[in-house]
There are 2 protein chains.
Amino acid sequence: MHDTTTEPTTITGAHRELLDQLLDRWSLEVLDRLCEHGALRFNGLRREIPAITQKSLTATLRRLERNGMVERVVVSDRPVAVEYRIAPVGQGLQDLIDALLQWSTRHMADVEAARERYDDAEAARE
Amino acid sequence: MHDTTTEPTTITGAHRELLDQLLDRWSLEVLDRLCEHGALRFNGLRREIPAITQKSLTATLRRLERNGMVERVVVSDRPVAVEYRIAPVGQGLQDLIDALLQWSTRHMADVEAARERYDDAEAARE
DNA sequence: CGGCATCCTACGGGATACTG
DNA sequence: CAGTATCCCGTAGGATGCCG
């Protein structure tokens, strides 16, 4: 089952459609926090990600929910309490996100250096 | 050196800045083809990725070049020939991209099913 | 062949105000 | 608390035309 086929795995339209949902402005960050905390409430997420606006958080959560990556659970009424948690499908994401973060952490300095080199060369060009 | 620390690795502004460059509309696809072919010329890439426009390809390549992920090599003049290839920094990306593609390949069906469920529930709501 | 310059539009996403 | 509803703007990116 689920053999780790090393097939060409070219990026198809289907891949794009799925990845686009994932690689937008906020999804990774939201998923990251949900992975870390297990479950979070709406305003809990806002506190975790201060930079996100309410509208964007709602949109991101709805999209993730629609794609089955996140589960929305109404915990109680009066006062209303809603919990968000990673759905089974999204489980493997934690590793993916970590891999992404670790890669970028490792190469952050290289990239910064590359940018300076590029910008300097660019500036010298004029 | 470069210990595989399993630290919290929270997404920071620096991470975002780097990942945003990577997770945009076309970078992954361009990098994917460059990984696969080793080196490609401008119009070669266009043929590999028919959906991309010339402007977007140029912008993507410049950005990747600036971040040190891709190397631009002028092979010859008359006629002008330019090769693009993965830079050392970008090497580890192949694994990352493959991981991403394999994950999305594995869960494609689940996501599709989730969407239908969500949309049906949504439609029933009215 | 490998681009650059323009124009133009869709839409992601911010700010703000209101609600069950 | 957990959203919905508007308004608005910046910009990524498509279309088109031209160039060394």
Side-chain angles (χ1 to χ4, degrees), chain A residues 11 13 16-17 19-30 33-34 37 39-67 70-85 118 121-122 125-126, chain B residues 11 13 16-31 33-34 37 39-67 70-85 118 121-122 125-126:
Chain A
I11 298 183
R16 281 236 55 93
E17 201 184 334
L19 291 178
D20 280 349
Q21 304 291 322
L22 208 61
L23 306 182
D24 69 340
R25 176 72 192 165
W26 295 111
S27 292
L28 275 186
E29 212 149 336
V30 168
R33 315 317 293 218
L34 288 180
H37 291 80
L40 278 171
R41 312 237 311 255
F42 191 83
N43 286 307
L45 275 167
R46 293 191 71 177
R47 261 172 263 120
E48 286 289 320
I49 314 173
I52 200 173
T53 63
Q54 176 277 318
K55 178 184 172 183
S56 296
L57 179 54
T58 303
T60 302
L61 285 171
R62 291 290 169 276
R63 190 165 36 215
L64 290 175
E65 189 193 351
R66 175 168 186 266
N67 288 324
V70 156
E71 282 168 358
R72 179 180 184 276
V73 185
V74 177
V75 177
S76 79
D77 311 333
R78 204 162 36 272
V80 186
V82 180
E83 253 184 25
Y84 292 94
R85 58 185 59 194
Y118 184 94
E122 193 71 2
R125 220 36 230 116
E126 271 124 41
Chain B
I11 299 183
R16 281 236 55 93
E17 200 185 333
L18 204 172
L19 290 177
D20 280 349
Q21 304 290 321
L22 208 63
L23 306 181
D24 68 340
R25 176 74 192 164
W26 294 111
S27 292
L28 275 185
E29 211 149 337
V30 168
L31 289 170
R33 315 318 290 219
L34 287 180
H37 291 81
L40 279 171
R41 312 241 308 257
F42 191 85
N43 286 306
L45 276 166
R46 294 192 70 175
R47 261 172 262 119
E48 286 288 320
I49 314 173
I52 201 173
T53 62
Q54 176 275 315
K55 178 184 173 181
S56 296
L57 179 54
T58 302
T60 301
L61 285 171
R62 290 292 168 275
R63 190 165 37 215
L64 291 174
E65 191 193 351
R66 175 168 186 267
N67 288 325
V70 157
E71 281 167 359
R72 179 179 182 276
V73 185
V74 177
V75 178
S76 78
D77 312 332
R78 203 164 34 271
V80 187
V82 179
E83 254 185 25
Y84 291 94
R85 58 185 59 194
Y118 184 94
E122 194 70 0
R125 216 43 225 109
E126 271 122 44

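Proteins get letters first, then strands, A, B, ... in listed order; numbering begins at 1 in each.
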Peer 1: Specify the closest pair of heavy atoms between A:D24 and A:Q21, including all atoms of both residues, with the distance to one decimal.
Peer 2: OD1-O, 3.6 Å

Peer 1: Return the CD to CG distance between A:E17 and A:L22, rounded to the nearest 0.5 Å.
Peer 2: 13.0 Å

Peer 1: Rounding to an integer number of Å, can you tell me how far B:D77 CG sits from D:dC19 C1'?
Peer 2: 16 Å

Peer 1: Please give the angle, rounded to 10 degrees, between the axes at the start and the end of the helix from C:dC1-D:dG20 to C:dG20-D:dC1, where five pairs define each axis.
Peer 2: 50°

Peer 1: Given atom CZ of A:F42 and atom P of D:dG3, what is their separation to the nearest angstrom?
Peer 2: 6 Å

Peer 1: Roughly, in whole Å, what's the span from CG in A:D24 to P in D:dA12?
Peer 2: 15 Å

Peer 1: Under 4.0 Å from any heavy atom of chain B: name the first and the last nucleotide of DNA chain C that qualifies, 5' to 3'.
Peer 2: C:dC1 to C:dC7

Peer 1: So which one's nearest nucleotide on DNA chain C is more toward 5', A:Q54 or B:A81?
Peer 2: B:A81

Peer 1: Measure across B:L61 and B:F42 and return the closest heavy-atom pair with its distance rounded to 0.1 Å.
Peer 2: CD1-CD1, 3.9 Å

Peer 1: Evaluate the side-chain proximity of B:L34 to B:L45: yes if any heavy-atom separation is below 4.5 Å, no if none is.
Peer 2: yes

Peer 1: Give me the atom names and distance for the closest heavy-atom approach of B:V80 to B:R41.
Peer 2: O-NH2, 4.3 Å

Peer 1: Which atom names give the shortest non-hydrogen contact between B:Y118 and A:R62, and what distance separates them?
Peer 2: OH-CD, 3.5 Å

Peer 1: Kindly give the heavy-atom pair with the smallest separation between A:R25 and B:R16, and that separation in Å.
Peer 2: O-NH1, 3.1 Å

Peer 1: If you measure from CH2 on B:W26 to CD1 on B:I52, what distance do you get to the nearest 0.5 Å?
Peer 2: 5.5 Å

Peer 1: I need the CG-P distance between B:L57 and D:dG13, as an integer number of Å.
Peer 2: 12 Å

Peer 1: Rounded off to whole Å, could you give me the CD-to-P distance for the A:E83 and D:dA2 pair?
Peer 2: 10 Å

Peer 1: Between D:dA2 atom P and A:E48 atom CD, what is the distance in whole Å?
Peer 2: 14 Å

